[in-house]
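Some notes on the structure that comes next.
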Amino acid sequence: MFIKTRFAPSPTGELHFGNIRTALYSWLYAKKNNGSFILRIEDTDLIRSKDIYSKKIINTLKWLNLDWDEGPYFQSEKIKHYQEIITFMLKNKLAYKCYCGYKKLNFIKKNQILNKEKPRYNGFCRNLKDNFKSLNKYVIRFKNPLFGKVSFCDSIRGKITFKNSELDDLIIQRENGMPTYNFCVVIDDMESKITHVIRGEDHINNTPRQINILNSLGAKLPSYSHLSLILNNKHKILSKRDNSSKVLEYKNLGYFPEAILNYIVRLGWSHKNQEIFSINEMIELFNLKSINKSSSIFDEMKLLWVNKHYMSSSSIKKIKKILISFFKKNKLNFENGPKLNIIIKAFSKRCSTVLELFNSISIFYKNNVYEYNDEYIRLHLNKNSVEIIEKIYQIFLDLSVWNEFKILNSIKNFSVLNNILLKNLIIPIRIALIGNIHSIGIDKILFFFGKKKTLLFLKKFLKHIKKVFV
Ligand code: GLU
Ligand code: ZN
C-alpha cells in the first residue's frame, strides 16, 4: 500500500505546538514508509479564515523543514467541485434539503431539552416528497443511517463505536451554498487517497460522521489516529490564543527548528528513554503504536533544555547563519567587531538560544556603550572603583601588544602591585564594558573589544560613574 498522510490546518490562527505535532507525526509516518505527505489548507470558513494565517502556516512548516509532496491545496478553490458532489448526492438520495430554518430548529431543540432528550435534528425533512416546493431557504443534510453502529479502530485508542441513532443528519451545505467542514474533509481525504488520518482527539466525534459519508460514496476508509491534546502549564488545552505556544515565535527567539521538532516528537511519543533524536532517527524509529494515550504538558523549560543541547552540538556554520539573521534584523554590522566564528566558539556553550548568544555579543559590534543601569552599578561598585578604573585605563593605554595573554598578565600584575584582589579588578571592568558580572574570561572580553574600543568605553564609563558616586 502506498502510504499517504496529510496535514489539514484551518487558517484561523497561528500554528501551536499541538498543530505541529500533528503535522510532524503525519510527516514522519509518510517519510518512514516512503509515502507522500500532503498539505491542505481548510479555509472554507470564510469569516474566520485569514490569508495571513495561511501564509504563517506555510512559513512555519518551511522553517521547520516539514516539506510536503503535494499542495498546498486550498479548499476555498474547490467549492464548485464540492457542490457538484452534493448535487450528485441529492440525486441519489444520499442527502436531502432541509427547510426547517433556525427558528424551527431552535424550537425542536428546546423541546428536546425540556423532555431531557439529547438535542438533535429530528429528521423532519428527510422524507419530503420529490415535488415538495418551498420558497424558504434550505440547507443540505447528509442522510445518516438511522440504525446500527459505526465503529473504527483507532491506532492509539483501539476500537471506538458510535450508535447511528446518536448521530445527526449532518449539514453538508449551508444556506449560502457553502459546503461544510466535515464534508470537505471527507471529499479531500477520499480524492487524495489518504491512507492514514492523524489528527487531534478533538476530531473523534467527527470521525463516525465522516465514515458514514465515505461509506455512502463507496470510498475506502483510511486508518485513524487521534492524538491526545497538549495542555499548557495551567493544565488548559493549548489553543491558538496561547501566545507561548505559537511555534513561529520561537524562530524569533533563536531556537533551532531541529530542537523544536525534537521537543515536539517527545510530546506523546517515546522510544525507550531517549530524549535527543536527529531527524533521521525520528524517521527510522517513529511508529503509530508507541504514541501515548494520555495528554502531555507543554514545558517551556524542557524545550529550552533541548535547544541548549542543539546549541552546544550544532556546527559553527549553522549557528552563524541564524546569528547573522539577528545582526540583520537589528541593523548591526557583524564585520564591525571580532570574527563570528571565534565569538561563537567562545560563547555558544554558555547560551541556550541564538538570541541569547546575540544579546551577549552584540556589544562587541556596537559603537555605543550599553545602557548603564545605576542600580546595578551601585550594587557592585563604590567610590573606590573610580580610581581603580582610572588606573587600569592607564595600564591598558600603555599596553603595546593587545592579546589575551598580555591583557591578563597586565591585570594580574596590577592586582599584585596594588594589593587588590583580582576579583575586585575584574568586576569593575566587566560592569564598565558589558554591564554584567557573569560572562566569559575578562581577557577574552577585552580582546574582543580591541584596545581602541576598550579605552573609549572605559572613558565613557568613568565619566558616568563619577556622576553616580559624587
Ligand atoms: N482543519 C481541521 C483543524 O484545523 C483538521 C481537520 C482534520 O485533520 O481532519 O482542526
Ligand atoms: Zn428540516
Side-chain angles (χ1 to χ4, degrees), residues 4-16 18-27 29 37-45 48-50 53-54 56-57 60-61 71-76 95-109 120-129 132 134 136-144 152 154 168-175 179-190 192 194-211 213-214 221-227 229-230 237-240:
K4 268 185 138 183
T5 63
R6 69 350 181 239
F7 178 49
S10 307
T12 54
E14 287 190 39
L15 295 178
H16 59 63
N19 303 132
I20 292 297
R21 185 186 54 176
T22 303
L24 174 63
Y25 287 4
S26 304
W27 183 86
Y29 196 67
F37 172 67
I38 292 176
L39 174 59
R40 179 170 85 219
I41 307 286
E42 304 207 316
D43 55 351
T44 52
D45 182 340
R48 291 175 61 226
S49 299
K50 302 266 179 295
Y53 293 131
S54 298
K56 285 216 172 189
I57 288 170
T60 311
L61 295 174
Y73 297 124
F74 289 84
Q75 287 186 327
S76 59
Y96 63 95
K97 293 177 181 172
C98 165
Y99 299 89
C100 289
Y102 178 74
K103 266 191 194 153
K104 186 166 165 189
L105 291 175
N106 236 359
F107 178 76
I108 296 172
K109 197 166 147 189
R120 56 197 290 266
Y121 178 60
N122 66 358
F124 184 82
C125 303
R126 198 173 156 115
N127 295 313
L128 289 179
K129 294 255 158 34
F132 179 82
S134 166
N136 287 353
K137 287 190 173 159
Y138 60 84
V139 297
I140 298 176
R141 290 183 185 271
F142 170 63
K143 240 184 206 176
N144 197 74
F152 61 96
D154 186 289
D168 261 343
D169 281 352
L170 197 76
I171 296 176
I172 55 176
Q173 183 173 302
R174 292 184 216 287
E175 275 185 6
T180 57
Y181 155 72
N182 268 302
F183 182 73
C184 302
V185 169
V186 165
I187 300 306
D188 285 338
D189 283 346
M190 175 178 88
S192 303
I194 298 299
T195 56
H196 291 74
V197 169
I198 301 168
R199 58 185 175 193
E201 71 177 345
D202 46 333
H203 287 289
I204 287 185
N205 284 334
N206 289 328
T207 304
R209 301 165 211 275
Q210 294 181 3
I211 288 177
I213 301 178
L214 284 167
L221 300 183
S223 126
Y224 292 95
S225 310
H226 289 95
L227 309 174
L229 298 180
I230 300 176
I237 293 166
L238 273 199
S239 89
K240 290 182 177 168

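Counting from 1, the numbers follow the sequence of the chain as shown. Counting starts at 1 for both ligands and their atoms, in listed order. The figures here come from the full heavy-atom set of this structure, side chains too, leaving out hydrogens, waters and symmetry mates.
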Got a donor-acceptor contact below 3.5 angstrom from the [X] side chain to the [Y] backbone?
| X | Y | value |
| --- | --- | --- |
| Ser134 | Asn136 | yes |
| Thr180 | Ile171 | yes |
| Thr195 | Lys4 | yes |

Taking N or O atoms only and a 3.5 Å limit, does Asp202 qualify as a polar contact for ligand 1?
no
Distance-only N or O hit between ligand 1 and Ala8, under 3.5 Å:
yes
Show which atoms of ligand 1 fall inside a sub-4.0 Å distance from at least one heavy-atom site of [X].
| X | answer |
| --- | --- |
| Glu42 | 1 (N), 2 (C), 5 (C), 6 (C) |
| His203 | 2 (C), 3 (C), 5 (C), 6 (C), 10 (O) |
| Ser10 | 1 (N), 2 (C), 3 (C), 4 (O) |

Asp169 vs Tyr96, side chain to side chain contact (heavy atoms under 4.5 Å, CB included): CA-CA, chis, key distance, verdict
CA-CA 9 Å; Asp169 281 352; Tyr96 63 95; 2.6 Å; yes
Heavy-atom closest pair (Ser49 atom, Thr12 atom, distance to 0.1 Å) is N-CG2, 4.1 Å
For side chain to side chain contact (heavy atoms under 4.5 Å, CB included), just list the numbers for Lys104 and Phe124, CA-CA rounded to whole Å, side-chain angles, deciding distance to a tenth of an Å, and then say yes or no.
CA-CA 10 Å; Lys104 186 166 165 189; Phe124 184 82; 3.0 Å; yes
Please check if any side-chain donor atom of Arg199 sits under 3.5 Å from a side-chain acceptor atom of Thr207, or the reverse.
yes
For Tyr181 and His203, I'd like to know if the aromatic rings sit close, meaning centre-to-centre distance below 6.0 Å.
yes
Non-hydrogen atom of Tyr181 closer than 4.0 Å to ligand 1:
yes
Residue-ligand contact Arg6/ligand 1, heavy atom below 4.0 Å:
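Arg6: in contact with ligand 1 (<4.0 Å).
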Take the Zn ion (ligand 2) as the centre and count protein N, O or S atoms at distances under 2.8 Å.
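Those protein atoms number 4 in total.
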Does the cation-pi check pass for Arg141 over Tyr121, that is, NZ or CZ under 6.0 Å from the six-membered ring centre and within 45° of its axis?
yes
